[in-house]
Enquirer: 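My questions all concern the structure below.
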Number of protein chains: 2
Amino acid sequence: MNAPLDLEARAHSEHAQELRLWLRLLTCSQLIEKRVRAGLREQFDTTLPRFDLMAQLERHPEGLKMKELSHRLMVTGGNVTGITDQLVAEGLVERLGVDGDRRAFRVRLTGRGHAAFAAMATQHEQWIVDAFEGLAPRDLDQLHRLLGKVKQHQLDINARLDPDPIE
Amino acid sequence: MNAPLDLEARAHSEHAQELRLWLRLLTCSQLIEKRVRAGLREQFDTTLPRFDLMAQLERHPEGLKMKELSHRLMVTGGNVTGITDQLVAEGLVERLGVDGDRRAFRVRLTGRGHAAFAAMATQHEQWIVDAFEGLAPRDLDQLHRLLGKVKQHQLDINARLDPDPIE
DNA sequence: TATTGTTATACTCTATAACTATA
DNA sequence: TATAGTTATAGAGTATAACAATA
């Protein structure tokens with residue numbers, strides 16, 4: 001993996017404050033994400049989208065429908081089918097029928113899937129703790145709070161651009 | 001594009017503070033990046049890696065070697081070759097010889113490339129200003145400062161894992 | 001021998017659109 | 001007609017490894 005020398009080169013004008021902030025935000029998330037992806041690949045032979053799908057299912061022991069997964073993971077339906085197929089083939093998740101709608105499935109973690117996710121989540125948590133160990137708890141709080149404003153603003157923009165509210 | 005409902009579902013344990021911060025950071029950067037990528041595609045028929053490569057060259061009017069681009073963009077050499085080939089084919093960048101080393105090239109923006117980048121950069125800047133318009137200047141400063149700590153810590157970790165200093 | 005850059009290849013992730021089956 | 005999910009396809013983005021030319 002190369003060193004991130006100069007991604008911030010994109011900043012160049014009178015709105016340099018926002019640009020520099022964005023490029024720094026992007027660099028931070030890329031650096032952390034690269035380590036997480038590499039770790040998932042090397043230690044668990046899996047990928048971030050697969051981990052994220054399993055994380056959603058761990059939160060919803062009763063299972064989630066394909067459409068719900070698609071929404072929550074911010075990807076289109078075909079991708080969820082592909083990732084789910086892989087996980088089904090490995091016995092980590094299963095598709096169950098939905099009462100009253102024979103078109104739909106609930107996708108749920110199997111026992112093996114739950115155990116496998118627990119092992120990955122423990123390691124994942126350690127990577128993240130390491131990534132932020134340089135910051136005081138007060139800094140963590142402040143960052144979380146400020147990023148909350150940023151996140152809410154993005155959601156507002158998306159809602160305005162694409163008035164497709166959450167069911 | 002779907003709404004990012006519940007990516008923060010990954011957080012689940014006693015280190016919830018770090019996990020929630022990480023997932024929020026990731027969500028923010030994904031939301032902004034998706035809009036930037038979509039805009040570059042729709043309005044300029046280009047991609048983020050191409051934009052980033054041109055941004056590096058704009059900063060270095062004398063040109064950069066392929067290896068330097070690879071380092072700065074955090075991708076491996078083959079990718080830089082591919083992106084550069086596209087941009088050369090469109091007349092936006094050019095490869096020039098390097099005195100004293102016939103293996104290497106300098107890659108440089110052409111006049112057309114410079115003009116094309118200027119138009120994209122103006123629009124890009126507006127997307128980013130919009131993305132952060134909900135925050136007070138004071139918040140922007142604070143975020144920038146805190147993310148500076150995060151970034152530095154990631155660089156320290158990478159330097160420790162991969163002692164491959166910048167030439 | 002090491003380095004610069006290219007080529008070839010493969011894999012993951014993604015979006016789009018056409019499709020099947022149910023509703 | 002509309003919806004849930006699948007399939008097929010194409011393209012972006014990436015890494016790896018083998019290679020040619022030069023140092």
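Residue numbering restarts at 1 for every chain, and letters A, B, ... go by the order of the sequence lines. Side chains are part of it too, since the values below use all heavy atoms of this structure and drop only hydrogens, waters and symmetry mates.
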Enquirer: Figure out the CD/P separation between A:Q30 and D:dG13, and round it to whole Å.
Expert: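 Result: 12 Å.
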
Enquirer: How sharply is the helix from C:dT1-D:dA23 to C:dA23-D:dT1 bent, taking the axes over five pairs at either end and rounding to 10 degrees?
Expert: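 If I round to tens, the end axes sit 10° apart.
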
Enquirer: Under the salt bridge (charged side-chain N to carboxylate O under 4.0 Å, His left out) rule, what pairs show up with a residue in residues 130-142 of chain A, not counting sequence neighbours?
Expert: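 Sorted result for residues 130-142 of chain A: A:D139-B:K149.
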
Enquirer: Test of understanding: with side-chain contact (heavy atoms from CB on, under 4.5 Å), list the residues that count as partners of B:Q86, not counting sequence neighbours.
Expert: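 Applying side-chain contact (heavy atoms from CB on, under 4.5 Å) to B:Q86 gives B:R50.
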
Enquirer: Among all residues two or more places apart in sequence or in another chain, which pass the salt bridge (Lys or Arg N to Asp or Glu O under 4.0 Å) test with A:R145?
Expert: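 So A:R145 forms no salt bridge (Lys or Arg N to Asp or Glu O under 4.0 Å) with any residue.
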
Enquirer: Check A:V80 against A:S70 and note the closest heavy-atom contact, atom names and distance.
Expert: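 Result for this residue pair: CG2-CA, 3.7 Å.
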
Enquirer: Between C1' on C:dT22 and CE on A:M66, what's the gap in Å once rounded to a whole number?
Expert: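 Interatomic distance, CE of A:M66 to C1' of C:dT22: 16 Å.
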
Enquirer: Sequence neighbours excluded, which residues qualify as side-chain contact (heavy atoms from CB on, under 4.5 Å) partners of B:D156?
Expert: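 Here the qualifying residues are B:Q152.
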
Enquirer: Quick check: closest heavy atoms across A:V36 and A:W127, and the distance to 0.1 Å?
Expert: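 The pair with the smallest heavy-atom distance is O-CZ3, 4.0 Å.
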
Enquirer: Taking only residues two or more places apart in sequence or in another chain, which ones pass side-chain hydrogen bond (donor to acceptor under 3.5 Å, both in side chains) with B:R102?
Expert: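 None.
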
Enquirer: Just the rounded figure in Å: distance from C1' of D:dG13 to CZ of B:F51.
Expert: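 Going from CZ in B:F51 over to C1' in D:dG13 covers 18 Å.
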
Enquirer: Of the non-hydrogen atoms in A:M54 and A:F117, which two are nearest, and what is the gap between them?
Expert: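 Scanning both residues completely, I find the closest heavy atoms to be CB-CD1, 3.7 Å.
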
Enquirer: Quick one: on DNA chain D, does A:R41 or A:E68 contact a more 5' nucleotide (nearest heavy atom)?
Expert: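 In this pair, the answer is A:E68.
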
Enquirer: Using salt bridge (Lys or Arg N to Asp or Glu O under 4.0 Å) as the criterion, list what pairs up with A:E33, not counting sequence neighbours.
Expert: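 A:R37.
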
Enquirer: Could you name each residue pair satisfying side chain to side chain donor-acceptor pair (under 3.5 Å) that touches residues 106-115 of chain A, not counting sequence neighbours?
Expert: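 For residues 106-115 of chain A, and leaving out neighbouring residues, the side chain to side chain donor-acceptor pair (under 3.5 Å) pairs sorted by first residue read A:E94-A:R108.
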
Enquirer: Under 3.5 Å between N/O atoms: give me all the protein pairs with nucleotides 7-14 of chain C, atom names plus distance.
Expert:
{"unit_1": "C:dC13", "atom_1": "OP1", "unit_2": "A:T47", "atom_2": "OG1", "d": "2.7"}
{"unit_1": "C:dC13", "atom_1": "OP2", "unit_2": "A:T47", "atom_2": "OG1", "d": "3.2"}

Enquirer: What is the distance, to the nearest angstrom, from the CG atom on B:L53 to the C1' atom on D:dA12?
Expert: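 So the CG-C1' distance, B:L53 to D:dA12, works out to 15 Å.
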
Enquirer: Does the protein touch nucleotides 18-23 of chain D at the base, only the backbone, or not at all? Give it as B, S and - per nucleotide, heavy atoms under 4.0 Å.
Expert: ---BBS

Enquirer: What integer distance in Å separates A:R106:CZ from D:dG5:P?
Expert: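 Distance check: A:R106 CZ to D:dG5 P gives 12 Å.
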
Enquirer: Among pairs that include at least one residue of residues 75-87 of chain A, which meet salt bridge (charged side-chain N to carboxylate O under 4.0 Å, His left out), considering only residues two or more places apart or in two chains?
Expert: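 Applying salt bridge (charged side-chain N to carboxylate O under 4.0 Å, His left out) to every pair that reaches into residues 75-87 of chain A, excluding sequence neighbours, yields A:D85-A:R95.
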
Enquirer: Without decimals, in angstroms, what is the distance between A:K67 NZ and D:dT6 C1'?
Expert: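 Roughly 14 Å, once rounded to whole Å.
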
Enquirer: Counting only side-chain nitrogens and oxygens, does B:R95 get under 4.0 Å of the OP1 or OP2 atom of C:dT4?
Expert: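 Checking C:dT4 against B:R95, no side-chain N or O comes under 4.0 Å of OP1 or OP2.
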
Enquirer: Using whole Å, report how far CG of A:L69 lies from C1' of D:dA4.
Expert: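 Whole-Å distance recorded here is 13 Å.
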
